[in-house]
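All figures in this text were calculated on a predicted structure; none of them were measured in a lab. Counting starts at 1 for both ligands and their atoms, following the listed order.
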Amino acid sequence: MPIDPKLPYDDNNIFAKILRGELPCQKVYEDEHALAFNDIRPQAPIHVLVIPKAAYVSWDDFTAKASDAEIAGFMRAVGNVTRQLELDGPGYRLMVNMGGAGHQEVPHLHVHIFGGRQFFQMIAD
Ligand code: 5GP
């Protein structure tokens with residue numbers, strides 16, 4: 001079920017629990033701004049989620065409320081993860097689902113990194 005992105009941040013969402021160490025993850029990368037881990041249901045040979053360490057519901061919430069330092073740190077972290085995974089040569093796809101129409105299911109901002117295969121020109125659904 002997609003989330004309602006206008007609801008307040010839910011401290012009990014699954015990624016908040018992963019950040020607190022209450023649920024396990026296959027960690028790929030961590031710095032002061034972000035944590036990256038393998039998606040539990042990968043849709044490509046490489047499918048990694050990058051999440052900010054601070055509590056933001058969505059891309060909308062993050063880009064409206066995060067500080068410039070948080071936004072820069074998070075963007076840099078996404079780039080660091082793709083380079084660590086050696087995807088900067090072959091290329092990769094990034095995706096952020098936002099709210100109901102975007103079919104966002106977890107109410108903590110996450111960027112999907114897809115790699116390890118050739119993607120089609122565009123994903124519309
Ligand atoms: P969304 O549809 O919100 O953009 O994507 C949520 C993603 O989180 C999905 O790709 C889903 O497979 C992944 N996911 C959901 N629960 C867990 C979990 O407990 N652990 C991990 N690693 N990924 C999860």
Side-chain angles (χ1 to χ4, degrees):
M1 275 286 288
I3 64 148
D4 177 350
K6 295 297 182 191
L7 289 177
Y9 186 81
D10 172 9
D11 279 323
N12 286 319
N13 79 76
I14 227 150
F15 294 168
K17 290 181 179 174
I18 286 175
L19 278 170
R20 291 196 296 267
E22 295 166 10
L23 285 175
C25 72
Q26 287 185 328
K27 185 162 75 172
V28 169
Y29 174 93
E30 183 170 15
D31 66 20
E32 66 171 304
H33 293 285
L35 176 70
F37 49 88
N38 289 324
D39 196 291
I40 207 166
R41 287 187 297 272
Q43 295 179 44
I46 296 170
H47 184 176
V48 169
L49 302 172
V50 191
I51 66 175
K53 286 198 166 168
Y56 294 102
V57 175
S58 68
W59 178 264
D60 180 70
D61 190 30
F62 184 66
T63 55
K65 297 186 190 145
S67 68
D68 290 357
E70 285 178 299
I71 291 172
F74 183 67
M75 296 293 274
R76 183 83 71 191
V78 174
N80 288 343
V81 176
T82 59
R83 284 183 290 277
Q84 180 181 300
L85 294 168
E86 298 184 343
L87 293 175
D88 47 318
Y92 53 88
R93 176 163 283 173
L94 301 180
M95 182 178 79
V96 178
N97 296 323
M98 159 50 209
H103 208 98
Q104 179 182 355
E105 291 201 329
V106 179
H108 182 114
L109 169 62
H110 45 286
V111 173
H112 296 254
I113 299 172
F114 299 106
R117 69 171 170 86
Q118 183 64 47
F119 296 99
F120 295 108
Q121 198 169 8
M122 165 92 179
I123 293 178
D125 57 11

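A distance-only check finds a donor-acceptor pair linking the side chain of Q104 to the backbone of V106 [under 3.5 Å].
Every residue meeting the side chain to side chain donor-acceptor pair (under 3.5 Å) condition with R20, not counting sequence neighbours, appears here in chain and number order: E22. Listed by chain and number, the residues in a side chain to side chain donor-acceptor pair (under 3.5 Å) with Q43 amount to none (sequence neighbours excluded). For D39, the salt bridge (charged side-chain N to carboxylate O under 4.0 Å, His left out) test picks out no residue, with sequence neighbours left out.
Between K53 and E70 there is no salt bridge, since no side-chain nitrogen of the basic residue lies less than 4.0 Å from a carboxylate oxygen of the acidic one.
The aromatic ring centres of H112 and H110 sit less than 6.0 Å apart.
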For ligand 1, list all ligand N or O to protein N or O distances below 3.5 Å, rounded to 0.1 Å.
from: ligand 1; atom 1: 2 (O); to: H103; atom 2: O; distance (Å): 3.1
from: ligand 1; atom 1: 3 (O); to: E105; atom 2: N; distance (Å): 2.6
from: ligand 1; atom 1: 3 (O); to: V106; atom 2: N; distance (Å): 3.2
from: ligand 1; atom 1: 3 (O); to: H110; atom 2: NE2; distance (Å): 2.7
from: ligand 1; atom 1: 4 (O); to: N97; atom 2: ND2; distance (Å): 2.8
from: ligand 1; atom 1: 4 (O); to: H110; atom 2: NE2; distance (Å): 2.9
from: ligand 1; atom 1: 4 (O); to: H112; atom 2: NE2; distance (Å): 2.8
from: ligand 1; atom 1: 5 (O); to: H110; atom 2: NE2; distance (Å): 3.2
from: ligand 1; atom 1: 5 (O); to: H112; atom 2: NE2; distance (Å): 3.3
from: ligand 1; atom 1: 10 (O); to: D39; atom 2: OD1; distance (Å): 3.2
from: ligand 1; atom 1: 10 (O); to: D39; atom 2: OD2; distance (Å): 2.5
from: ligand 1; atom 1: 12 (O); to: D39; atom 2: OD1; distance (Å): 2.5
from: ligand 1; atom 1: 22 (N); to: N38; atom 2: O; distance (Å): 2.9
from: ligand 1; atom 1: 22 (N); to: I40; atom 2: N; distance (Å): 3.4
from: ligand 1; atom 1: 23 (N); to: I40; atom 2: N; distance (Å): 3.3

